[in-house]
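Only heavy atoms go into these numbers, but all of them, side chains included; no hydrogens, no water, no symmetry mates. Counting from 1, the numbers follow the sequence of the chain as shown. Counting convention: from 1, in listed order, for ligands and their atoms alike.
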Amino acid sequence: MMELEISNQELSQLADEAIDLAKAYWASLDHRPSYPTTSGEQTAALFSRPWAEEGLGGSVLQDFKLITEHARPSTGRFFGYVAGSGEPIGALGDLLASVLNQNVGAWRSAPAATTIERAVVGWLAEAVGCRGFTGSLCGGGSTANLMGLAMAREAKLPANETGASRCVVYASEQVHMSVPKAVALLGIGRQNLRLLPVDNAFRLRPDALQAAISADRQAGNTPIAIVATAGTVVSGAIDPLGAIADTARNEGLWLHVDGSYGGLAALAEPQKLSGLAHANSLSVDPHKWLYQPIDCGCLLYRDPQVARATFSHTDDYVRILSDEPTEAFAFFEESVELSRRFRALKLWLSLQYHGRMAFREAIVRDLRHARLLADMVSAHPDLELLAPVSLSAVCFRHRARDNHALLKRVIARGHVFLSNATIHGQFALRACFVNHRTTGDDVRAIVSEVVAAADELDG
Ligand SMILES: Cc1ncc(COP(=O)(O)O)c(C=O)c1O
C-alpha cells in the first residue's frame, strides 16, 4: 500500500530543488520574452493529463521548467491589464504561509497570523489615509467589491433575513466589471445599477449622479449606494471623491470606493487620493500596486459593526469561547470566507523587508514611466494619446494602422506586452505601469516596438 508520506530527507531535497527552481526563474526574468510562444493546443497536449494511480515521487518538479516556458512571465516588459509584478519576498511569504497552513478565520485557530493580518490591514489603511479603518485581506478587488456592496446593502436595506428588496446602485460607465458582477450576485440586478456619464477625463459627473438619484426617488425607487472609482481600469481616472461623498452624505447613501487599481498610489500621491477617507468601504489591491504575488486584495471599512451585521452567521461548532477581545476576534464574522489562508505573511515580510520608502519610490517610478510614455506618444507623429494620464495607464493608437492587427503584431514580436481598451469607440493600445521591474529603457521599448510592428504591417 502507498502511504501519503515523505521522508525528511526527500522533503529536504525537494524543498532545495523548489527553491533552486525559484532562484533560477527569478534570475532568468530579464531574458524571458514578454509573452510565451504557445498555443491552446500545445498547453493542452502538455498539461491536460489524467491523474495517475502511481505517484511521481522525487521527480514531481520536473514539469516546472515546462510550465515556466508556457507561462506569462513577470518581466519588466509586461504592461497588460493591471498586472502586479510578483515581488519575490512576497513569494517567499506565500511559500511559508502554506508551510504553516494556518486557518486565519479566527484568532483561536491562528493566533499569530490573525494578529499579523490585523496589523497589516492597519498599515494599508494608514498608507491610504484611512487611519482607523479596519478590514480584511481577500483574493482580490473583485471579492473586495462584492463584500463592500454586500455591506452597503445590509446597512441600507437589510436583506440577510428577508432576501433582497428592490434598490438602486450608482457608478460611472467606466466602472470595473466586478461591480456589475457583484450587483448581479447580490440579487440587486444589473438593471438597477445606473451607469452614469463621465467628463472629458473619464470621471463620474457629480451633476449626472445627483440627477439620477433624484429621478429614482421621484420614480419611487430606493437608492442605497454609490460606487466611486479611484483609478478606473481603462484610463486610471479618479472620480471626484469629495463631491461624490457630499452627495452620498446628503442622500444618506453608502459610499464604496473601488481603489483596487489606484488606491495604493496614495502612498506616492496623497493629495490626489485624499478623498479615499470619505468612503464607508474601500477596496485596495496589494497584488496590483504593492507588487505582491496574486491573491492579495483588501477591503477596508469604517464601521466593523456593519461588517458583522453582513457576514456574521455563526454556528455552534465555531462558537468563540473567549471573552478577551483579541482572542474572541474572528475574520469569518467580517468576511465571506471561513477557512482563510495566511495572505498577510507575504505583506508582513515584503513590506518590512523593503520598508515604506522603497514602495513609495517604486510607485513614483511607475507614475513617471507613464508620463514618459505619454510624452513619447505625444511627440511621435504617427501616434496619438487617447486619454489623459491620471495615474499609470496610457491609452494610445497608431494613426495610420489597424490597431487591432498592430497589437497582435506587437505581442507576437515578444518584446513588450500591451493590452487593449476602447476609448470613445476607438480600439486603443494600453500600457499600465504597476511593475517594480520596469526601467526607462523598457518604457522606450514600447514605442520602438509599436513603430517596428507598424512597419512590419506596412510591409
Ligand atoms: C478598478 C478595478 N477594480 C477591480 C478590479 C478587480 O480586481 P481583481 O482582479 O483583483 O479581482 C480591477 C482589476 O484590474 C480593477 O482595475
Side-chain angles (χ1 to χ4, degrees), residues 72 74 78-86 90 94 124 128 135-150 169 171-185 193 195 198 201-204 225-239 241 244 255-266 272-273 275-276 279 281-300 335-337 341 343 346-347 363 366 370 387 389-395 417-423 428 430-435:
R72 188 283 281 177
S74 284
F78 189 92
F79 306 108
Y81 321 113
V82 189
S85 40
D94 260 353
L124 296 178
V128 298
S136 62
L137 301 180
C138 58
S142 301
T143 307
N145 286 340
L146 175 65
M147 293 202 296
L149 281 170
V169 174
S172 96
E173 64 190 20
Q174 294 290 312
V175 76
H176 187 262
M177 65 185 187
S178 56
V179 170
K181 187 190 263 190
V183 162
L185 289 173
L193 173 64
L195 295 177
V198 292
F202 299 99
R203 297 170 299 203
L204 174 62
I226 304 167
V227 178
T229 305
T232 57
V233 65
V234 168
S235 70
I238 301 168
D239 286 339
L241 300 175
I244 294 172
L255 176 58
H256 175 72
V257 177
D258 180 6
S260 301
Y261 163 25
L264 287 159
K272 219 179 211 176
L273 289 145
L276 295 176
S281 55
L282 164 66
S283 305
V284 295
D285 244 5
H287 69 196
K288 294 186 170 62
W289 228 342
L290 278 182
Y291 315 103
Q292 294 304 303
I294 284 172
D295 189 28
C296 200
C298 179
L299 181 70
L300 299 168
S335 70
V336 289
E337 296 172 322
R341 65 182 268 105
R343 295 187 179 95
K346 58 185 155 197
L347 284 167
I363 295 170
D366 283 325
V389 176
S390 308
L391 288 169
S392 68
V394 183
C395 296
F417 186 98
L418 307 178
S419 58
N420 55 286
T422 305
I423 303 273
R430 178 179 167 285
C432 183
F433 301 90
V434 284
N435 192 325

NZ or CZ of R72 within 45° of F78 ring axis and under 6.0 Å: yes
With A182 via side chain to side chain contact (heavy atoms under 4.5 Å, CB included) - residues at least two apart: L146, L149
A171 to L193 - nearest heavy-atom pair and separation: CB-CD1, 4.2 Å
Between H256 and N145, a side-chain donor and acceptor under 3.5 Å: yes
Taking every non-hydrogen atom, the tightest pair across V234 and R430: O-NE, 3.0 Å
Interatomic spacing from OG in S172 to CG in D239 - rounded to 0.5 Å: 5.0 Å
Every residue of the protein that comes under 4.0 Å of ligand 1, judged on heavy atoms: V82, G140, G141, S142, N145, H176, S178, G231, V233, D258, S260, Y261, D285, H287, K288
